[in-house]
Visitor: 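Attaching a single structure in structure tokens format; questions to follow.
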Amino acid sequence: MKITDQVNIKASLDKVWKAISVEGNLNNCHPFCKFNHVVNWDCENSEDQIEYYNGLILTRKFTNWDPYKGYELKILKNDLFIALVNWEIISNDKGYSNLIITIDFKPKIILKKYPIFLQSLLIKYFLKPRMLHYLRSVLLGFKYYIETGNIVVKNQFGLNRMFSN
């Protein structure tokens, strides 16, 4: 299951890259992040953990790092690979940049405790809508922080029960 969304940010590619590539960036920009703990910050060898407001802790392991273009990372829950995430920046001539995030989820892994007949319903009516909201909120958080310099607050773009309370 892949979901993609993007946001147009009134900022240069340099400014957007700095915001998404600095260690601990989720502390400033993520509306569901209680704390972003950096384990190691070294481009494609980077690793951090995100603790969500609902107590969920996920690990991000960076696998590809292309300065001023984007990066790719794996999401793990207790060492179980659950998603691949791609962050990409595209600049235009008018001083704007598009930030694009694509999440390739492994719903069969996430929903393995449920019967197969129920998994497709959960994906369609629960997981996908909440992940689309999650992605939109994260993108809006980065846009808000980059354009205003203000830190994003808890649930600033609405509550998402998968990640917050």
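Hydrogens, waters and symmetry mates play no part in the numbers below; they use all other heavy atoms, side chains included.
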Visitor: For Q119 and L111, indicate whether the former's side chain and the latter's backbone hold a donor-acceptor pair under 3.5 Å.
Guide: yes

Visitor: Do V39 and L26 share a hydrophobic cluster (ILVMFWY, side-chain heavy atoms under 4.5 Å, transitive)?
Guide: no

Visitor: Just how far is it from atom CD1 of I101 to atom CG of L139, taken to the nearest 0.5 Å?
Guide: 4.0 Å

Visitor: Locate the shortest heavy-atom distance separating Y71 from I20; write the atom from each residue and the value.
Guide: OH-O, 2.7 Å

Visitor: For side-chain contact (heavy atoms from CB on, under 4.5 Å), just list the numbers for M162 and Y52, CA-CA rounded to whole Å, side-chain angles, deciding distance to a tenth of an Å, and then say yes or no.
Guide: CA-CA 9 Å; M162 284 181 62; Y52 293 94; over 6 Å; no

Visitor: I'd like to check N25 versus Y145 (side-chain heavy atoms, cut-off strictly below 4.5 Å). Are they in contact?
Guide: no

Visitor: Supply the atom-to-atom distance I90 CD1 to S97 OG, rounded to the nearest 0.5 angstrom.
Guide: 10.0 Å

Visitor: Parallel, tilted or perpendicular: which one describes the rings of Y144 and F157, with boundaries at 30° and 60°?
Guide: perpendicular

Visitor: Are I75 and F105 close enough that some pair of their side-chain heavy atoms sits under 4.5 Å apart?
Guide: no

Visitor: Please work out whether the ring planes of H133 and F32 are parallel, tilted or perpendicular, with thresholds of 30° and 60°.
Guide: tilted

Visitor: Please test D42 against W65 for side-chain contact (heavy atoms from CB on, under 4.5 Å), starting from the C-alpha separation and ending with a verdict.
Guide: CA-CA 10 Å; D42 182 27; W65 188 276; over 6 Å; no

Visitor: Between W41 and S21, is there a donor-acceptor pair closer than 3.5 Å when you use the side chain of the first and the backbone of the second?
Guide: yes

Visitor: Are V85 and R60 close enough that some pair of their side-chain heavy atoms sits under 4.5 Å apart?
Guide: no

Visitor: Donor-acceptor pair, N78 side chain versus L80 backbone, under 3.5 Å?
Guide: no

Visitor: Please check if the side chain of N36 supplies one atom and the backbone of Q49 the other of a donor-acceptor pair under 3.5 Å.
Guide: yes

Visitor: Checking N165 against K154: is there a side-chain donor and acceptor pair closer than 3.5 Å?
Guide: yes

Visitor: Hydrophobic clusters here meaning ILVMFWY residues chained together by side-chain heavy-atom distances under 4.5 Å, can you tell me if V138 and L159 are in one?
Guide: no

Visitor: Does K143 use its side chain to pair, donor to acceptor, with the backbone of N8 at less than 3.5 Å?
Guide: yes

Visitor: If we only count heavy atoms from C-beta on, is the P67 to W17 side-chain gap below 4.5 Å?
Guide: yes

Visitor: Counting only heavy atoms not in Y114 (residues, nucleotides, ligands), do more than 12 fall under 6.0 Å from its OH?
Guide: no

Visitor: Distance from E44 atom CD to T63 atom OG1, nearest 0.5 Å?
Guide: 8.0 Å

Visitor: Should L121 and I116 be regarded as members of a common hydrophobic cluster, given that ILVMFWY residues are connected when their side-chain heavy atoms come within less than 4.5 Å of each other, either directly or indirectly?
Guide: no

Visitor: Specify the closest pair of heavy atoms between V152 and C29, including all atoms of both residues, with the distance to one decimal.
Guide: CG2-O, 3.6 Å

Visitor: Yes or no on side-chain contact (heavy atoms from CB on, under 4.5 Å) for L58 and I82, after CA distance, side-chain angles and deciding distance?
Guide: CA-CA 10 Å; L58 298 177; I82 60 172; 4.0 Å; yes

Visitor: Taking Q6 for the side chain and N98 for the main chain, is one N or O donor matched with an acceptor at less than 3.5 Å?
Guide: no

Visitor: Any side-chain heavy atom of F35 within less than 4.5 Å of one from N27?
Guide: yes

Visitor: Given H30, which of Y134, Y53, F142 fulfils the ring pair (Phe, Tyr, Trp, His ring centres under 6.0 Å) condition?
Guide: Y134

Visitor: For R161, is there any backbone N or O sitting under 3.5 Å from a side-chain donor or acceptor partner on S164?
Guide: no

Visitor: Find out whether V7 and I9 are in side-chain contact, i.e. whether some heavy atom of one side chain is under 4.5 Å from a heavy atom of the other.
Guide: yes

Visitor: How far does CG of N86 sit from CD1 of I100, to the nearest 0.5 angstrom?
Guide: 9.0 Å

Visitor: Just by modelled atom types, is the I146 backbone N or O under 3.5 Å from a matching donor or acceptor in the K15 side chain?
Guide: yes

Visitor: Is there a side-chain contact between F163 and L56 (heavy atoms, below 4.5 Å)?
Guide: yes

Visitor: Within a strict 4.5 Å, meaning less than it, do heavy atoms of the M1 and K128 side chains meet?
Guide: yes

Visitor: Does the distance from a Lys or Arg side-chain N to an Asp or Glu carboxylate O, for D104 and K106, drop under 4.0 Å?
Guide: yes

Visitor: Just verifying a value: how many Å separate L84 CG and L73 CG, rounded to the nearest 0.5 Å?
Guide: 7.5 Å

Visitor: Quick check for you: to the nearest 0.5 Å, what is the distance between K61 atom NZ and N40 atom CG?
Guide: 10.5 Å

Visitor: Looking at R130, K124, M131, which one forms a side-chain contact (heavy atoms from CB on, under 4.5 Å) with L127?
Guide: M131

